[in-house]
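Notes to accompany the following structure.
The structure displayed is predicted, hence computed values, not measured ones.
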Amino acid sequence: MNYRLILASNSPRRRTLLAGLGVDFEVRVMQDIPEDYPQGMAASEIPVHISQEKASAYRQQMADDELIITADTVVVAAGQILGKPLDEEDARSMLRLLSGRTHQVITGVSLTTKNEQQSFSVTTEVSFKSLSDEEINYYIRQYHPLDKAGAYGIQEWIGYIGVTGLQGSYYNVMGLPVQRIYEELKKMGYQFL
């Protein structure tokens, strides 16, 4: 069976990235799904846990021929887990923390049908130059990165001027590791070609 793909995300970046695979999909968004995780959980496990929680919220409403894609991204820098900033000051703190160092971007994905779930995570290491306060303030003022884990979008100005190195998937840093999703969907029997 070729499943009907459902992207359970409000993110315009995730929509663009999934569309890049050349597949038809529907966007379905439920509001107010908690993005909590147990205290002490390893950073590498958090985005997978949250993607599974999101999938659970959709599972009861799924049709037999649907496959729901849920994802969550976190940034880990200097031992701290950075989600989306609360406000501009929080964004400023996050960007100062990322400045001049290498951090990890971890995206957890769950591919869920009525009978099966495949979950995985992809990690990318990103290095930033030392950012000046002027650069940080300009970026926040112009790009309003409050909807992005770690307070930045690599595809935006800050990525152009600040990223000095990348090891792993660029698209993962944007929020969806589409190459790995392609491979996992094929394993689940989805026909692309």
Counterpart residues, salt bridge (charged side-chain N to carboxylate O under 4.0 Å, His left out), relative to Glu35 (two or more places apart):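 For Glu35 the salt bridge (charged side-chain N to carboxylate O under 4.0 Å, His left out) partners, ignoring immediate neighbours, are Lys54.
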Residue list, salt bridge (charged side-chain N to carboxylate O under 4.0 Å, His left out) with Asp90, at least two apart or on another chain: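 With neighbours one apart ignored, the set is empty.
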Search all heavy atoms of [X] against all heavy atoms of [Y] and return the closest pair with its distance.
X      : Y      : result
Gly168 : Leu166 : O-CD2, 3.6 Å
Glu88  : Leu146 : N-CD2, 4.0 Å
Ala91  : Pro85  : N-CB, 3.6 Å
Leu17  : Val178 : O-CG1, 3.4 Å
Val27  : Ser9   : CG1-O, 3.4 Å
Arg4   : Ala63  : NH2-CB, 4.1 Å

Option from Arg59, Arg28, Gln61 for which side chain to side chain donor-acceptor pair (under 3.5 Å) with Glu66 holds: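 Of the listed residues Arg59, Arg28, Gln61, the side chain to side chain donor-acceptor pair (under 3.5 Å) partner of Glu66 is Arg28.
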Quiz: residues 68-77 side-chain donor-acceptor pairs under 3.5 angstrom, not counting sequence neighbours:
| unit_1 | atom_1 | unit_2 | atom_2 | d |
| --- | --- | --- | --- | --- |
| Thr70 | OG1 | Ser51 | O | 2.8 |
| Thr73 | OG1 | Arg14 | NH2 | 3.0 |
| Thr73 | OG1 | Thr107 | OG1 | 2.9 |

What about [X] and [Y], same hydrophobic cluster or not, with Ile/Leu/Val/Met/Phe/Trp/Tyr joined at side-chain heavy-atom distances under 4.5 Å?
X      : Y      : answer
Val173 : Val109 : yes
Ile46  : Leu97  : no
Leu111 : Tyr171 : yes
Leu95  : Ile81  : no
Leu7   : Tyr3   : yes

Neighbour count above 12 (heavy atom, 6.0 Å) for Asp24 CG: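 Counting neighbours around CG of Asp24, 12 or fewer heavy atoms of other residues, nucleotides or ligands fall under 6.0 Å, so no.
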Heavy atoms from other residues, nucleotides or ligands near CD of Gln60 exceed 12 (cutoff 6.0 Å):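 Atom CD in Gln60 is not packed in, count stays at 12 or less.
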Pairwise side-chain contact, Ile161 with Lys129, heavy-atom cut-off 4.5 Å (strictly under):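 Yes, at least one pair of side-chain atoms sits under 4.5 Å.
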Side-chain touch Thr124/Met174, heavy atoms, less than 4.5 angstrom: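 No, their side chains stay 4.5 Å or more apart.
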Those residues that, when tested against Phe192, pass ring pair (Phe, Tyr, Trp, His ring centres under 6.0 Å) (two or more places apart):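 By the ring pair (Phe, Tyr, Trp, His ring centres under 6.0 Å) rule, Phe192 matches Tyr182, Tyr190.
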Residue pairs passing the side chain to side chain donor-acceptor pair (under 3.5 Å) test where at least one lies in residues 155-168, sequence neighbours excluded: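 Sorted pair list: Tyr139-Glu156, Lys148-Glu156.
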Starting at [atom1] of [X], measure out to [atom2] of [Y] and round the result to the nearest 0.5 Å.
X      : Y      : atom1 : atom2 : answer
Ile158 : Ile136 : CD1   : CD1   : 6.5 Å
Arg15  : Leu176 : CZ    : CG    : 12.5 Å
Ser130 : Arg96  : OG    : CZ    : 13.0 Å
Asp36  : Met41  : CG    : CE    : 11.0 Å
Thr112 : Ile6   : OG1   : CD1   : 12.0 Å
Asp147 : Arg13  : CG    : CZ    : 4.5 Å

Sorted by first residue and then second, give each ring pair (Phe, Tyr, Trp, His ring centres under 6.0 Å) pair with at least one member in [range]; sequence neighbours left out.
range            : result
residues 106-126 : none
residues 76-110  : His103-Phe128, His103-Tyr152
residues 44-94   : none

From CA spacing to verdict: salt bridge (charged side-chain N to carboxylate O under 4.0 Å, His left out), Asp133, Arg92: CA-CA 9 Å; Asp133 283 344; Arg92 209 167 276 111; over 6 Å; no
Pair Lys187-Gln118, side chain to side chain contact (heavy atoms under 4.5 Å, CB included): steps then yes or no: CA-CA 10 Å; Lys187 286 181 198 170; Gln118 296 296 327; over 6 Å; no
Polar side-chain atom of Asn10 near backbone of Val29 as donor-acceptor pair, under 3.5 Å: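 Flag not set: sc Asn10 to bb Val29 has no pair under 3.5 Å.
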Exam field: side chain Ser99 to backbone Leu131, donor-acceptor pair closer than 3.5 Å: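 Flag set: sc Ser99 to bb Leu131 pair under 3.5 Å.
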Going by the rule side-chain contact (heavy atoms from CB on, under 4.5 Å), which residues pair with [X] if we only count those two or more places apart in sequence or in a different chain?
X      : answer
Thr102 : Glu125, Ser127
Gln142 : Tyr138
Ser119 : Val48, Gln52, Ser110, Gln117
Thr123 : Gln104, Ile106

Residues Leu185, Val23; criterion side chain to side chain contact (heavy atoms under 4.5 Å, CB included); working and verdict: CA-CA 11 Å; Leu185 285 172; Val23 295; over 6 Å; no
Ionic contact status for Arg180 with Glu183, cut-off 4.0 Å: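 Salt bridge absent between Glu183 and Arg180.
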